[in-house]
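Treat the numbers as computed from the prediction; the structure is a model and nothing was measured.
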Amino acid sequence: MAVVDVHRFAESITCHAWSPDHSMVAFCPNNNEVHIYKSSQDQWERLHVLEKHDQIVSGIDWSSKSNKIVTVSHDRNSYVWSLEGGEWVPTLVILRLNRAALCVQWSPKENKFAVGSGAKTVCICYYEQENNWWVSKLIRKRHESSVTNVAWHPNNILLATTSTDGKCRVFSTFIKGVDTKDSKAGSPAESKFGEQIIQLDLSYSWAFGVKWSPSGNTLAYVGHSSMIYFVDDVGPSPLAQSVAFRDLPLRDVLFISEKMVIGVGYDSNPMVFAADDTGIWSFIRYIGEKKEVSSGSSYSSQFSEAFTKFYGQSKATTANEASESSKSRGGVHDNCINSIVPLSKAGSPKVMRFSTSGLDGKIAIWDLESMQEELGHQF
C-alpha cells in the first residue's frame with residue numbers, strides 16, 4: 001500500500017490545497033467555510049476557519065511562492081487571503097459573474113489566476129499595483145456550457161479548460177503589462193488575450209479534470225464516458241489518443257512524470273495510466289487496489305457491475321453478497337474522489353507524493369517511491 005496518511009476531517013470535502021511546505025492543508029467541508037489544519041506529532045490541529053463566502057466553496061489554491069490562498073464559491077465571488085499578524089485577511093476579487101464560480105488555479109509564476117464558472121466564461125485575474133486591487137479579464141468566447149476545470153501551461157500563458165459541453169479548449173491569456181514578451185514566445189502564433197488555440201472534441205459527454213505534463217508537451221483530460229484523452233503537439237496538428245476503461249468515470253487527473261498519469265474519480269481508487277516507448281497510452285493498474293483487472297470476465301458482467309455501482313445493489317442481492325462485493329472493491333476512500341493535488345519537491349519534475357480528497361470527508365497522502373518496482377520503467 002502506497003498510502004502514508006489518511007485522515008477524515010469532515011462528512012464531505014469539496015476541494016483542498018496545501019501550504020508551500022506541505023505542513024498545513026486548507027479544505028472546504030462542503031459548506032461556505034475553509035478550514036486550515038496543521039499536522040503536529042501525527043495529529044491534525046485546526047488553526048483557522050476562513051468565513052467570508054455565502055455559499056459552498058468550490059475551489060481552493062494555495063500559492064507556493066507568495067503564500068496566498070485564493071478561494072472561489074457558488075456565491076460568484078473570489079477572495080485572495082493573505083496572512084497578516086497570524087490572521088488570514090481576505091481581499092475581494094471582482095469577477096463580474098452572474099453564475100457560480102466552479103474552479104480556480106494560480107498560474108506558474110503566480111502573477112495571475114484563472115477562475116472557471118457556470119457562466120460559460122473564464123476569468124483571468126491579476127493584481128493592479130496602482131489601484132491596490134485584483135481585477136479580472138474575461139474569456140467569453142467559445143464555451144457553450146459550464147467551465148469545470150482549468151490548467152495552466154508551464155509557459156504561464158496558455159490555459160486549458162474543460163466544460164460540460166464535452167470539449168477541451170486551449171486559450172492564450174497574454175496580458176500586456178503583466179506578462180513579458182519572453183514568456184509569450186512559447187505560445188502559438190503569439191496569440192492575443194482570449195484567442196482560442198485549439199478546440200478538442202474527443203469527448204461526447206461532460207469533460208472534467210485537465211492537466212499539462214511537466215514539460216507542457218502533453219495535455220490530458222477526462223470525460224464522463226469512462227475515458228481519458230491524451231493530446232501531444234497541441235496546436236494546428238495535434239496527436240490525440242483515447243483510452244477507455246471499464247469502471248466509473250474520472251473527475252480529476254495528475255501527471256506524475258512525462259509518461260505517467262494518475263486519474264481519480266467515482267471509482268474511489270486512483271488509477272495509473274502510462275505511455276510506452278512508442279508513446280501509446282494505456283491503463284496499468286489501481287494504486288489502492290484490493291481489486292485486480294480480470295481478463296477473463298465478460299463484457300456483460302463488467303457492464304452489470306458498473307450499472308450496479310450507479311444504482312446500488314439489486315433487490316436480489318443478499319447483504320452478505322453486497323458486503324463481499326464492497327470489500328473486494330474497497331480502498332482508502334469510501335466515496336468519489338473529487339480532487340488530486342501534487343506534493344512535489346521544489347525543482348523536481350517528478351511527483352513522488354500526492355494527496356486526494358473525496359466525498360467521504362477523507363484526505364489521503366500517497367507515496368509512489370514504495371511502488372517504483374511495481375510501476376515499472378515508466379516511473
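- Taking CH2 of Trp81 as the reference point, atom CD1 of Ile60 lies at 10.5 Å (rounded to 0.5 Å).
- Closest approach of Pro270 to Ile337, counting heavy atoms only: CD-CD1, 4.1 Å.
- For the pair Lys362 and Phe9, the cation-pi criterion (under 6.0 Å, within 45° of the ring axis) is not fulfilled.
- For the atom pair OG of Ser172 and CD1 of Ile139, the computed distance is 8.0 Å after rounding to the nearest 0.5 Å.
- Annotation: salt bridge (charged side-chain N to carboxylate O under 4.0 Å, His left out) contacts involving residues 204-221, sequence neighbours excluded, comprise Lys211-Asp252.
- Aromatic rings from His224 and Tyr266 are positioned such that their centres are separated by under 6.0 Å.
- Using a distance-only test at 3.5 Å, with no hydrogens or angles considered, a donor-acceptor pair links the side chain of Ser58 to the main chain of Ala101.
- Two residues are said to be in side-chain contact when any heavy atoms from C-beta on lie closer than 4.5 Å; Ile280 and Ser282 fail this criterion.
- Aromatic pair Phe27/Tyr37: centroids less than 6.0 angstrom apart.
- The aromatic rings of Trp18 and His22 lie perpendicular to each other, with more than 60° between the two planes, well past the 30° mark.
- Ring geometry, Trp44 versus His7: the interplanar angle falls from 30° to 60°, so the pair is classed tilted.
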Original post:
Tyr229 and Tyr221: ring-ring contact (aromatic ring centres under 6.0 Å, His included), yes or no, with the steps?
Top reply: CA-CA 5 Å; Tyr229 311 96; Tyr221 71 102; 4.9 Å; yes
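- The CZ atom of Arg353 lies 9.0 Å from the CG atom of Asp5; values are rounded to the nearest 0.5 Å.
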Subject >> Candidate pair Val57 and Val72, rule side-chain contact (heavy atoms from CB on, under 4.5 Å), full reasoning >> reply: CA-CA 6 Å; Val57 176; Val72 296; over 6 Å; no
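- At least one donor-acceptor pair closer than 3.5 Å links the side chain of Ser117 to the backbone N or O of Thr121.
- Between Phe354 and Leu343 there is no side-chain heavy-atom pair separated by less than 4.5 Å.
- Side-chain N or O atoms of Trp152 include one that pairs as donor or acceptor with a backbone N or O of Gln105 at under 3.5 Å.
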**OP:** Give the C-alpha distance, both sets of side-chain angles, the deciding distance and a yes or no for side-chain contact (heavy atoms from CB on, under 4.5 Å) between Ile228 and Val253.
**Re:** CA-CA 9 Å; Ile228 182 170; Val253 65; 4.0 Å; yes
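- With Val3 as the partner, the side-chain contact (heavy atoms from CB on, under 4.5 Å) test is satisfied by one option alone out of Ile365, Val332, Asp367, Thr356: Val332.
- Although no hydrogens or angles enter the test, the distance criterion places a donor-acceptor pair under 3.5 Å between the side chain of Ser107 and the main chain of Glu110.
- Between Lys52 and Pro90 there is a side-chain heavy-atom pair separated by less than 4.5 Å.
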Original post:
Would Ser146 and Lys120 count as a side chain to side chain donor-acceptor pair (under 3.5 Å) if you check the C-alpha gap in whole Å, the side-chain angles of each, and the deciding distance to 0.1 Å?
Top reply: CA-CA 5 Å; Ser146 299; Lys120 308 178 186 179; over 6 Å; no
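- Under the 3.5 Å distance criterion, with hydrogens and angles disregarded, no donor-acceptor pair is assigned to the side chains of Asn30 and Thr14.
- Of all non-hydrogen atoms in Ser355 and Trp366, the two that sit nearest each other are CA-CD1, 4.4 Å.
- In terms of modelled atom types and a separation under 3.5 Å, the side chain of Glu258 and the main chain of Ser215 share a donor-acceptor contact.
- Taking the ring centroids of Phe283 and Phe273, they lie under the 6.0 Å cut-off.
- For the pair Arg99 and Gly118, the tightest heavy-atom approach, listed with the atom from each and the gap, is CB-C, 3.4 Å.
- For CD of Gln43, the number of neighbouring non-hydrogen atoms (other residues, nucleotides, ligands) closer than 6.0 Å is 12 at most.
- A distance of 5.5 Å separates CD1 in Ile56 from NE2 in His74, rounded to the nearest 0.5 Å.
- Residues Val115 and Ile69 fall into different hydrophobic clusters, defined by Ile, Leu, Val, Met, Phe, Trp and Tyr side chains chained together at heavy-atom separations under 4.5 Å.
- Residues Lys109 and Asp179 are not paired through a salt bridge, judged by the lack of any N-O separation under 4.0 Å between the basic side chain and the carboxylate.
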Can I get a per-line list of side-chain donor-acceptor pairs under 3.5 Å for residues 230-240, giving both atom names and the distance, sequence neighbours left out?
from, atom 1, to, atom 2, distance (Å)
Asp232, OD1, Thr218, OG1, 2.6

Can I get a per-line list of side-chain donor-acceptor pairs under 3.5 Å for residues 122-129, giving both atom names and the distance, sequence neighbours left out?
from, atom 1, to, atom 2, distance (Å)
Tyr127, OH, Asn132, OD1, 2.0
Glu128, OE1, Asn131, ND2, 2.7
Glu128, OE1, Trp133, NE1, 2.9

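- Checking side-chain atoms of Arg8 against main-chain N and O of Asp360 turns up a donor-acceptor pair under 3.5 Å.
- The side-chain heavy atoms of Leu200 and Leu219, taken from C-beta on, include a pair separated by under 4.5 Å.
- A donor-acceptor contact shorter than 3.5 Å is absent between the side chain of Ser73 and the backbone of Asn77.
- Within the 4.5 Å cutoff, the side chain of Ile363 has heavy atoms near those of the Val25 side chain.
- For Trp62 and Trp88, the distance between ring centers is under 6.0 angstrom.
- By the criterion of side-chain heavy atoms lying less than 4.5 angstrom apart, applied directly or through intervening Ile, Leu, Val, Met, Phe, Trp or Tyr residues, Leu97 is not grouped with Val147; the two fall into different hydrophobic clusters.
- The backbone N or O of Ser145 sits nowhere less than 3.5 Å from a side-chain atom of His143 that would complete a donor-acceptor pair.
- Considering every non-hydrogen atom in both Pro249 and Ser226, the closest pair reads N-OG, 3.4 Å.
- Here the CG atom belonging to Asp276 is positioned 3.5 Å from the OG1 atom belonging to Thr278, to the nearest 0.5 angstrom.
- With no hydrogens or angles considered, a side-chain donor-acceptor pair links Asn156 and Asn111 at under 3.5 Å.
- In this structure the side chain of Glu33 never reaches within 4.5 angstrom of the side chain of Cys28, judged on heavy atoms.
- Under the 4.5 Å side-chain criterion, counting only non-hydrogen atoms from C-beta, Leu250 is in contact with Met271.
- In terms of hydrophobic clustering, with Ile, Leu, Val, Met, Phe, Trp and Tyr side chains grouped at heavy-atom distances under 4.5 Å, Phe208 and Val243 are assigned to a common cluster.
- With hydrogens and angles ignored, the 3.5 Å screen pairs a side-chain donor or acceptor of Lys112 with a backbone N or O of Thr173.
- Of all the heavy atoms in Ser78 and Phe113, the pair that sits closest is OG-CE1, 3.9 Å.
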Original post:
Taking it one step at a time, do Leu254 and Ile256 satisfy side-chain contact (heavy atoms from CB on, under 4.5 Å)?
Top reply: CA-CA 6 Å; Leu254 174 68; Ile256 298 301; 4.2 Å; yes
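- Summarising the local packing, CZ of Arg96 is surrounded by more than 12 heavy atoms from other residues, nucleotides or ligands at distances under 6.0 Å.
- Contact of the Met260 side chain with the Val272 side chain is registered, since non-hydrogen atoms from C-beta on lie closer than 4.5 Å.
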Subject >> Pair His35-His48, side-chain contact (heavy atoms from CB on, under 4.5 Å): steps then yes or no >> reply: CA-CA 6 Å; His35 293 190; His48 306 279; over 6 Å; no
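- Counting all heavy atoms, side chain and backbone alike, Trp106 lies closest to Lys68 at NE1-O, 3.7 Å.
- Here the side chain of Thr161 pairs no donor or acceptor atom with the backbone of Val150 at under 3.5 angstrom.
- Within a 6.0 Å sphere centred on CD of Glu11, other residues, nucleotides and ligands contribute 12 heavy atoms or fewer.
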